[in-house]
Amino acid sequence: MKYLKQFGIIIAISFLGEILKAIIPLSIPANIYGLVLMLLALVTKTVKLSEVKETAYFLVEIMTVMFIPAGVGLMASWGLLKDILIPVIVITPVTTVIVMAVTGRITQMVVRLEKKRSKR
């Protein structure tokens with residue numbers, strides 16, 4: 001029952017992200033709205049980490065399975081992709097490196113802030 005409640009919280013916040021996507025006329029995916037809402041809920045302690053932790057770990061563990069439909073979709077779209085294959089091959093590693101660098105920098109910043117807070 002605990003996992004069902006945790007999953008319900010995650011789904012409810014994801015649904016709120018879908019609503020925001022429908023209301024706000026920006027080209028931001030609904031899952032990004034959901035992630036921001038979850039972050040805000042965790043930071044403001046509206047949702048405690050213990051209320052979603054186990055289900056979140058489970059979802060992270062099965063994340064690779066979640067990419068199977070996207071991979072199948074890419075294979076089904078091969079006819080459209082083969083015309084732009086070179087740009088995709090170039091853009092993919094470049095954006096991957098950029099995302100890794102930004103993520104690393106943000107992680108370093110958060111770790112430094114946590115160290116400063118723990119010294120007080």
Side-chain angles (χ1 to χ4, degrees):
M1 189 67 180
K2 174 175 77 170
Y3 296 110
L4 193 58
K5 179 184 175 191
Q6 291 181 7
F7 191 69
I9 292 169
I10 293 170
I11 290 295
I13 290 176
S14 296
F15 182 67
L16 290 174
E18 292 288 340
I19 292 171
L20 282 178
K21 169 68 176 159
I23 294 172
I24 301 173
L26 297 174
S27 61
I28 298 173
N31 59 341
I32 300 299
Y33 285 119
L35 286 171
V36 170
L37 288 173
M38 179 62 85
L39 175 65
L40 291 174
L42 289 170
V43 168
T44 61
K45 306 274 193 242
T46 305
V47 173
K48 294 181 181 80
L49 183 60
S50 62
E51 294 175 339
V52 293
K53 188 174 184 174
E54 289 88 4
T55 301
Y57 277 137
F58 171 73
L59 291 172
V60 169
E61 286 176 3
I62 65 164
M63 189 184 304
T64 53
V65 175
M66 304 294 188
F67 284 103
I68 291 173
V72 171
L74 282 173
M75 290 189 301
S77 302
W78 176 248
L80 298 170
L81 282 175
K82 67 181 176 183
D83 296 334
I84 58 168
L85 188 60
I86 300 299
V88 169
I89 288 173
V90 171
I91 290 170
T92 300
V94 169
T95 56
T96 300
V97 169
I98 291 170
V99 167
M100 288 171 60
V102 170
T103 303
R105 290 291 186 175
I106 291 172
T107 302
Q108 288 174 344
M109 183 180 72
V110 168
V111 168
R112 285 188 196 117
L113 286 172
E114 287 295 319
K115 284 182 181 178
K116 285 181 183 178
R117 284 185 184 172
S118 66
K119 288 182 181 179
R120 292 181 190 177

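As a basis for the values below, the full set of heavy atoms in this structure was taken, side chains included, without hydrogen atoms, waters or symmetry mates.
Linking ILVMFWY residues whenever their side-chain heavy atoms come closer than 4.5 Å, directly or via other members, places Val65 and Met75 in the same cluster. The same ILVMFWY cluster, assembled from side-chain heavy atoms under 4.5 Å apart, contains both Met38 and Ile24. Val111 and Ile106 end up in different hydrophobic clusters when Ile, Leu, Val, Met, Phe, Trp and Tyr side chains are linked at under 4.5 Å. Under the 4.5 Å side-chain heavy-atom criterion for ILVMFWY residues, no single connected hydrophobic cluster contains both Val99 and Ile91. Leu42 and Tyr57 fall into different hydrophobic clusters, defined by Ile, Leu, Val, Met, Phe, Trp and Tyr side-chain heavy atoms under 4.5 Å apart, directly or through other members.
Screening residues 53-75 for salt bridge (charged side-chain N to carboxylate O under 4.0 Å, His left out), with sequence neighbours left out, gives Lys2-Glu54.
When every heavy atom of Thr95 is checked against every heavy atom of Thr92, the shortest pair comes out as OG1-O, 3.1 Å. The two residues Lys21 and Ser27 have their closest heavy-atom pair at NZ-CA, 4.1 Å. In this structure, Pro29 and Asn31 approach most closely via the heavy-atom pair CB-OD1, 3.0 Å.
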**Q.** Residues Leu37, Leu20; criterion side-chain contact (heavy atoms from CB on, under 4.5 Å); working and verdict
**A.** CA-CA 10 Å; Leu37 288 173; Leu20 282 178; 3.7 Å; yes
Q: Take Arg112 and Gln108 through the test side-chain contact (heavy atoms from CB on, under 4.5 Å) and record every step on the way to the result.
A: CA-CA 6 Å; Arg112 285 188 196 117; Gln108 288 174 344; 4.0 Å; yes
Q: Give the C-alpha distance, both sets of side-chain angles, the deciding distance and a yes or no for side-chain contact (heavy atoms from CB on, under 4.5 Å) between Leu39 and Leu35.
A: CA-CA 6 Å; Leu39 175 65; Leu35 286 171; over 6 Å; no
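Atom CD1 of Ile86 sits about 14.0 Å away from atom NZ of Lys82, to the nearest 0.5 Å. Separation of atoms CD (Glu51) and OG1 (Thr46) is listed at 9.5 Å; rounding is to 0.5 Å. For the atom pair CD1 of Ile98 and CE of Met100, the computed distance is 12.0 Å after rounding to the nearest 0.5 Å. Considering CE of Met66 and CD1 of Ile62, their distance stands at 3.5 Å, rounded to 0.5 Å.
Applying the side chain to side chain donor-acceptor pair (under 3.5 Å) criterion to Thr64, with sequence neighbours excluded, gives no partner residue.
Applying side chain to side chain contact (heavy atoms under 4.5 Å, CB included) to Ile13 and the options Ile9, Ile10, Ile11 leaves one that passes, Ile9.
Listed for the Ser77 side chain is no donor-acceptor partner under 3.5 Å among the backbone atoms of Leu74. Between the side chain of Thr55 and the backbone N or O of Val52 there is no donor-acceptor pair closer than 3.5 Å.
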